[in-house]
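Below is one structure, written out as structure tokens; comments come after it.
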Amino acid sequence: MPLHLYNTLTRQKEEFKPLHEKYVGMYVCGPTVYGHSHLGHGKSYVAFDVIVRYLRYLGYKVTYVQNITDVGHLLGDTNEGEDRLLKASRLEQKHPMEIAEHYTRSYFEDMDALNVLRPDISPRATGHIVEQIEMVKELIAKGFAYEANGSVYFDVHKFHDYGKLSGRTVGELEAGARVEVKSEKRHPADFALWKKADPEHIMRWPSPWAEGFPGWHIECSAMSMKYLGESFDIHGGGLENQFPHHECEIAQSEGATGKPFVKYWLHNNMVTVDGQKMGKSLNNFTTLKDAFKKWKPETIRFFILQSHYRSTLDFSDEAVDAAGKGLDKLGNTVRTVRERMKSATDPGTTAPIDLARHKAAFLAAMDDDFNTPQALAVLFDLSREVNQFLAAEASPSLSSLQHIDALYRELAETILGLTFDDTRGDSSDALILDGLMGLILDLRKDIRAQKMYALSDKIRDTLKAMGIVVEDKKDGTTTWRKGQ
RNA sequence: GGCGCCGUACCCAAGUGGUAAGGGAGAGGUCUGCAAAACCUUUAUGCCGCGGUUCGAAUCCGCGCGGCGCCUCCA
């Protein structure tokens, strides 16, 4: 079955057919960098990371663009509203660009920890003011936008497809209670392309209209089309950006070019806490940095992949703990396979496991709109069979183990981005740790041989308290690994 | 008020017409000096409720109840 994905634009699953064979242009709305990233960001970017990884696995050459929004959006729909970056700037007594740089680094640090591959291009909004201004000029020239008092607005009545992504109509929007009427605008639903800056506004650029800053939605249109072309394959983002952000992007982009903007719109759902959305404005978020103090980043990634990207994911300590144990279960199998490979030879007992069947089931799950929970279930099924094999066979063949290991690498590591080798590294500290653990376990082996179990148990318990799990295997060997 | 989504075991969570995946937790067992890991057995005759369509529904339709998202910056 070929890859199918759910397209918000058509509200159904569609077979994926890129605009150009073997090439995929993909843009995902990145973070606004005025604070540390939280679990919600984690869910979003892990989800799109898996999508990129899977497209590449299928053989597509993917250009993945994800912006960094380093110019603030206003808090409210009025000129009096303060933008978020400026607010952080004032609170932290730093220049806005310093704030942006600081949290951009923080963002990548967290994403690296989650094993999220970096985008091919991470364009900054402030680095593309020229492109944004050019686009606004084009929209004015084509009659889609108008200037009012130094600001420029998009006239939603001029773009007849407005509402096609979110399923709304301009009429509904104007009847809606929450659309604020602003005198500068011709219609309440019109949105800003360029805003004239107040005298105290720090981030400002010259423009043909008034010195000011770009509107809320124009950066994504300008940057995505600059790097991916006027029409491209996939645009992703959080569900909450479907309207108005993405709706406005379509209007601006298609208004300016007269061409279809994006073929497939993908939206990921929210992380919730007690059933409520985790968000910056609700102040109920857990930052990734805080989560990493409690759980391994791999656990957070696994937790995220245990639910579908279009489903909400309810966060609780209990749920993440459970995910961590599940990941350990998978990891134990993989690590045991790798351990056994060291002493295995050919010929030996061949594993009676249909690896091709498991692989096909895994890929079928991924082909069905990136169903990672289903794909993980396949890995657990595989693990059970592998564990049965390992438990029953004293001398499994090396080639069997290699095939099993290769499958985990292909599916779990390459596609899902999970990692299992957490005990070894090549830093000098890791080498010292390896050496020390070897020494301790060697001594403990002698102690156990003398049946001094109280002492050997004390060593094991103490290491456990330090976060190192020691396991005595049935065959007399002892292994260790870092725990949660 | 408008648009939309969701409600599956103690918890998390797939499944969207063919007779309930997976993980965690719990119970019993095997193995082990013990512990852990692993394996085996077990835990929803039922998927919010009530109707309807169908040979057949958790899955489709209607009504009701409960929860949530968007309409304002937000992954």
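Residue numbers start from 1 in every chain, and the chains themselves are labelled A, B, ... in the order their sequence lines are given, proteins ahead of strands.
Using a 4.0 Å heavy-atom cutoff across all strands shown, Lys43(A) reaches no nucleic acid atom at all. Among the protein residues, Gly30(A) comes within range of the sugar-phosphate backbone only, with heavy atoms under 4.0 Å from sugar or phosphate atoms but none that close to a base. Contact annotation for Gly40(A): base contact, defined as any heavy-atom pair under 4.0 Å involving a base atom. Note on Val378(A): nothing from the nucleic acid sits closer than 4.0 angstrom, heavy atoms only. At a threshold of 4.0 angstrom between heavy atoms, the contacts of Asp381(A) are confined to the sugar-phosphate backbone, with no base atom among them.
As rounded to whole Å, 21 Å separates atom P of G23(B) from atom CZ of Arg301(A). Here the P atom of nucleotide C5(B) and the CD atom of Gln12(A) are 14 Å apart, to the nearest Å. Taking atom CG of Leu239(A) as the reference point, atom P of G4(B) lies 14 Å away to the nearest angstrom. Per the geometry, NE2 belonging to His36(A) stands 15 Å off P belonging to A75(B), to the nearest Å. The nearest whole Å value for the distance from the NZ atom in Lys277(A) to the C1' atom in C71(B) is 12 Å. For the pair Glu385(A) CD and A21(B) C1', the computed distance is 14 Å after rounding to whole Å. Between the CZ atom of Phe315(A) and the P atom of G24(B) there is a distance of 19 Å, rounded to whole Å. At whole-Å resolution of the value, CG in Asn268(A) and C1' in G69(B) are 13 Å apart.
Distance alone, capped at 3.5 Å, is enough to place a donor-acceptor pair between the Asp190(A) side chain and the His187(A) backbone. Counting only distance, with no hydrogens or angles, the side chain of Glu247(A) and the backbone of Lys164(A) share a donor-acceptor pair below 3.5 Å. No donor-acceptor pair under 3.5 Å is formed between the side chain of Ser383(A) and the backbone N or O of Phe380(A). Looking at Asp368(A), its side chain never comes within 3.5 Å of a backbone N or O of Asn371(A) through a donor-acceptor pair. The backbone N or O of Asp70(A) lies less than 3.5 Å from no partner atom in the side chain of Arg124(A), so there is not a single donor-acceptor pair. Asp274(A) places no side-chain N or O within donor-acceptor distance of the main-chain N or O of Gln276(A), the cut-off being under 3.5 Å. Ser224(A) places a side-chain N or O within 3.5 Å of a backbone atom of Ser221(A) that can act as its donor or acceptor partner. Here the side chain of Arg444(A) pairs no donor or acceptor atom with the backbone of Ile459(A) at under 3.5 angstrom.
Both distances falling under 3.5 Å, in either a Watson-Crick or a G-U wobble arrangement, place G66(B) opposite C6(B). Remark: C60(B) base-pairs with G52(B). Criterion, Watson-Crick or G-U wobble with two distances under 3.5 Å. In this structure, U45(B) forms no base pair with any nucleotide, since neither Watson-Crick nor G-U wobble geometry is met with both distances under 3.5 Å. Both distances falling under 3.5 Å, in either a Watson-Crick or a G-U wobble arrangement, occur for no nucleotide opposite A37(B). Figure legend. A14(B) is base-paired to no nucleotide; pairs are counted as Watson-Crick or G-U wobble with both atom distances under 3.5 Å. As the counterpart of A21(B), no nucleotide is assigned, since no Watson-Crick or G-U wobble pattern has both distances under 3.5 Å. Base pairing annotation: G1(B) forms a Watson-Crick or G-U wobble pair with C71(B), both donor-acceptor distances under 3.5 Å.
Separation of the P atoms belonging to C61(B) and C70(B) is 25 Å when rounded to the nearest angstrom. Rounded to whole Å, the separation between the P atoms of G15(B) and U59(B) comes to 15 Å. A distance of about 33 Å separates the P atoms of C12(B) and U30(B), rounded to the whole Å. A distance of about 4 Å separates the C1' atoms of A58(B) and C47(B), rounded to the whole Å. Of the P atoms belonging to C39(B) and G24(B), the separation is 9 Å, rounded to the nearest Å. Comparing the C1' positions of C5(B) and G46(B) gives a spacing of 24 Å, expressed to the nearest Å. Rounded to whole Å, the separation between the C1' atoms of A75(B) and C40(B) comes to 44 Å. Distance check on atom P: A13(B) versus A27(B) gives 24 Å, rounded to whole Å.
At C74(B), one or more side-chain N or O atoms of Asn241(A) fall inside 4.0 Å of OP1 or OP2 (strictly under the cut-off). For G69(B), neither phosphate oxygen OP1 nor OP2 lies less than 4.0 angstrom from any side-chain nitrogen or oxygen of Asn269(A). Phosphate proximity of A25(B) to Lys325(A): present, with a side-chain N or O under 4.0 Å from OP1 or OP2. The phosphate of C70(B) has neither OP1 nor OP2 within less than 4.0 Å of any side-chain N or O from Ser166(A).
Mapping Leu327(A) and Asp368(A) onto RNA chain B via the closest heavy atom, the residue that lands nearer the 5' end is Asp368(A). Mapping Val271(A) and Gln374(A) onto RNA chain B via the closest heavy atom, the residue that lands nearer the 5' end is Gln374(A).
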Given the rule in the salt bridge (Lys or Arg N to Asp or Glu O under 4.0 Å) test, do Arg53(A) and Asp49(A) qualify, once you have shown the distances and angles that lead to the verdict?
CA-CA 6 Å; Arg53(A) 283 169 181 267; Asp49(A) 180 55; 2.8 Å; yes
- Message: If you apply the rule salt bridge (Lys or Arg N to Asp or Glu O under 4.0 Å), what do you find for Asp457(A) with Arg460(A), and how did you get there?
- Response: CA-CA 5 Å; Asp457(A) 287 352; Arg460(A) 187 172 61 196; 3.4 Å; yes
Apply salt bridge (Lys or Arg N to Asp or Glu O under 4.0 Å) to residues Glu385(A) and Arg357(A) and explain how you reach the verdict.
CA-CA 12 Å; Glu385(A) 290 189 27; Arg357(A) 195 190 87 239; 3.6 Å; yes
Scoring nucleotides 7-13 of chain B by protein non-hydrogen atoms under 4.0 Å (B base, S sugar-phosphate only, - none) yields ----S-S
With sugar-phosphate taken as primed atoms, P, OP1 and OP2 and all else as base, the protein-contact string of nucleotides 26-38 of chain B at under 4.0 Å (heavy atoms; B, S, -) is -----S-BBBBSS
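The pair Glu101(A)-Arg105(A) counts as a salt bridge, with a side-chain nitrogen and a carboxylate oxygen less than 4.0 angstrom apart.
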